[in-house]
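Report on one structure; see the data block that follows.
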Protein chains: 2
Amino acid sequence: MNIDRRSGCPINLSLEVFGDRWSLIILRDMIFGGRRHFRELLNGSLEGIASNILADRLKRLMELGLLTKADDPSHKQKAIYSLTEMAITLVPIMAQLGAWGRVWLPVSEELSIRAELLEKGGPPLWEQFMDELRHEHLGAPSRTPPGTPTVRQQLRAAYEAVVERKAEELRHIKTEA
Amino acid sequence: MNIDRRSGCPINLSLEVFGDRWSLIILRDMIFGGRRHFRELLNGSLEGIASNILADRLKRLMELGLLTKADDPSHKQKAIYSLTEMAITLVPIMAQLGAWGRVWLPVSEELSIRAELLEKGGPPLWEQFMDELRHEHLGAPSRTPPGTPTVRQQLRAAYEAVVERKAEELRHIKTEA
DNA sequence: GCAACTGATTGCAAAATGCAAGCGGATTGG
DNA sequence: CCAATCCGCTTGCATTTTGCAATCAGTTGC
């Protein structure tokens with residue numbers, strides 16, 4: 001996978017960056033799942049990426065300027081990957097993709113609740129989330145007042161509420177049967 | 001290229017629909033370039049898609065519900081492709097992709113002017129454009145008041161203004177030399 | 001000392017892509 | 001009326017990319 005520069009069209013160039021089946025999945029797991037290590041990305045994602053593809057894409061995303069890599073001080077062999085500003089500004093695209101998929105595709109409820117929250121929150125929520133990512137990945141000062149829940153916490157809470165409700169429904173069905 | 005259903009995540013499912021190098025390019029040319037025929041898509045796009053890939057993607061996009069095909073009454077051999085509502089609602093994604101690419105990638109000026117216009121117009125302009133596409137492709141009643149320029153006309157005018165300005169600059173350089 | 005874990009790499013089969021040529025039928029120009 | 005052109009699309013084939021499993025050398029915890 002290399003860059004062709006087929007044309008100078010912005011949509012085409014964007015597609016040449018992440019118009020494949022894995023690059024955006026990796027970025028999604030880093031942005032929304034908070035994953036920073038190779039193994040987290042390898043085992044954590046639902047879709048099951050192969051290790052050679054993951055290695056290739058991480059390298060490529062670094063070359064393209066979307067990721068940086070640093071040594072993890074706690075473990076000499078661990079590498080920690082960080083999002084760049086370029087990758088953080090993909091949040092609105094991710095939100096739109098999620099919103100579109102939620103309407104038109106057979107999404108599962110527990111996985112689409114985050115897209116729904118992100119859609120309802122709109123650009124202000126996206127901005128808050130991007131600020132949090134800048135804090136996490138770029139060391140920028142945190143702009144969220146202390147005490148307020150982070151966007152990732154909100155997303156996680158929403159997800160767990162759905163899972164809990166579904167488990168509850170299942171218990172009801174079982175006791176009825 | 002088939003659908004895996006790797007997971008029920010909205011972003012993943014969206015990627016399974018157009019996470020390849022050509023599907024979105026074809027939709028871009030239909031949405032922004034107004035192309036409706038096989039040959040128009042084959043020869044018209046800057047990126048140069050191969051005819052077998054184009055045939056395959058058109059078929060796939062029809063199966064996925066993004067396109068429909070009909071006979072062109074004016075020419076017994078021509079097929080005319082139409083966008084469905086599912087495809088028309090990709091406009092916001094296209095706009096975000098264009099906006100992101102314009103910031104981070106080496107776009108050419110004459111091709112990025114449309115992305116700029118679409119970004120500046122924001123959601124209201126996107127809505128107007130989607131209405132026009134519904135009129136063109138789905139036969140919906142036109143909601144743009146007569147006399148007002150269509151979004152596609154605006155995009156084209158902006159593009160041609162840049163091309164004209166560049167030609168003018170070139171003439172200046174030549175006379176100076 | 002050793003099992004488990006770290007970020008990868010290797011070999012190989014399967015699938016997708018790119019490219020050029022061609023197909024049967026429809027239309028057009030002279 | 002006939003040849004040239006155009007229509008959507010297919011075929012054959014070489015190249016590239018992907019998927020999968022096994023494996024690697026270094027690091028860590030016990």
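First the proteins, then the strands, lettered A, B, ... as listed; each starts at 1. Note: hydrogens, waters and symmetry copies are ignored here, and every other heavy atom, side chains too, is used. The structure displayed is predicted, hence computed values, not measured ones.
- For the pair B:Asp20 CG and D:dT17 C1', the interatomic distance rounds to 13 Å; values are reported in whole Å.
- An OP1 or OP2 oxygen of D:dT17 is reached within less than 4.0 angstrom by no side-chain nitrogen or oxygen of A:Trp22.
- Taking CG from B:Leu66 and CZ from B:Arg57, the interatomic distance works out to 13.0 Å, rounded to the nearest 0.5 Å.
- A donor-acceptor contact under 3.5 angstrom links the side chains of B:Ser82 and B:Arg36, judged on distance only.
- Spacing between atom CZ of B:Arg60 and atom P of C:dT17 amounts to 9 Å, rounded to whole angstrom units.
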Please list, pair by pair, any protein nitrogen or oxygen found under 3.5 Å from a nitrogen or oxygen in nucleotides 9-11 of chain C.
{"unit_1": "C:dT9", "atom_1": "O4", "unit_2": "A:Ser51", "atom_2": "OG", "d": "2.7"}

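- For DNA chain C, the residues of residues 73-81 of chain A within the heavy-atom distance limit of 4.0 Å (strictly under) are A:Gln77, A:Lys78, A:Ala79, A:Tyr81, sorted by number.
- Under the rule for a salt bridge (charged side-chain N to carboxylate O under 4.0 Å, His left out), the partners of B:Glu116 that lie at least two apart in sequence or sit in another chain are B:Arg102, B:Lys120.
- Distance, A:Leu41 CG to C:dG7 P: 9 Å, rounded to whole Å.
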If you apply the rule side chain to side chain contact (heavy atoms under 4.5 Å, CB included), what do you find for B:Ile25 with A:Leu15, and how did you get there? CA-CA 9 Å; B:Ile25 294 287; A:Leu15 277 180; 3.8 Å; yes
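- Taking atom NZ of B:Lys59 as the reference point, atom P of D:dC9 lies 11 Å away to the nearest angstrom.
- Looking at B:Arg143, its side chain never comes within 3.5 Å of a backbone N or O of B:Gln128 through a donor-acceptor pair.
- A cation-pi contact, defined as under 6.0 Å to the ring centre and within 45° of the axis, is absent between A:Arg114 and A:Phe32.
- The phosphate of C:dA16 (OP1 or OP2) has no side-chain N or O of A:Arg21 nearer than 4.0 angstrom.
- With B:Glu160 contributing its side chain and B:Ala157 its backbone, the two residues share no donor-acceptor pair below 3.5 Å.
- In this structure, A:Arg6 is positioned above the aromatic face of B:Trp22, its NZ or CZ under 6.0 Å from the six-membered ring centre and within 45° of the axis.
- Residue A:Lys69 is in sugar-phosphate contact alone, with no base atom involved, counting any heavy-atom pair closer than 4.0 Å across all strands shown.
- In this structure, B:Asn43 places its CG atom 11 Å from C1' of D:dC6, rounding to the nearest Å.
- The structure places CZ of A:Phe129 at 9.5 Å from CE of A:Met94, a figure rounded to the nearest 0.5 Å.
- Atom CD1 in A:Ile49 sits roughly 15 Å away from atom P in D:dA21 (whole-Å rounding).
- Computed from coordinates, the A:Glu16 CD to C:dT17 P distance equals 14 Å when rounded to whole Å.
- If you measure from atom CZ of A:Arg36 to atom C1' of C:dG7, you get 16 Å, rounded to the nearest angstrom.
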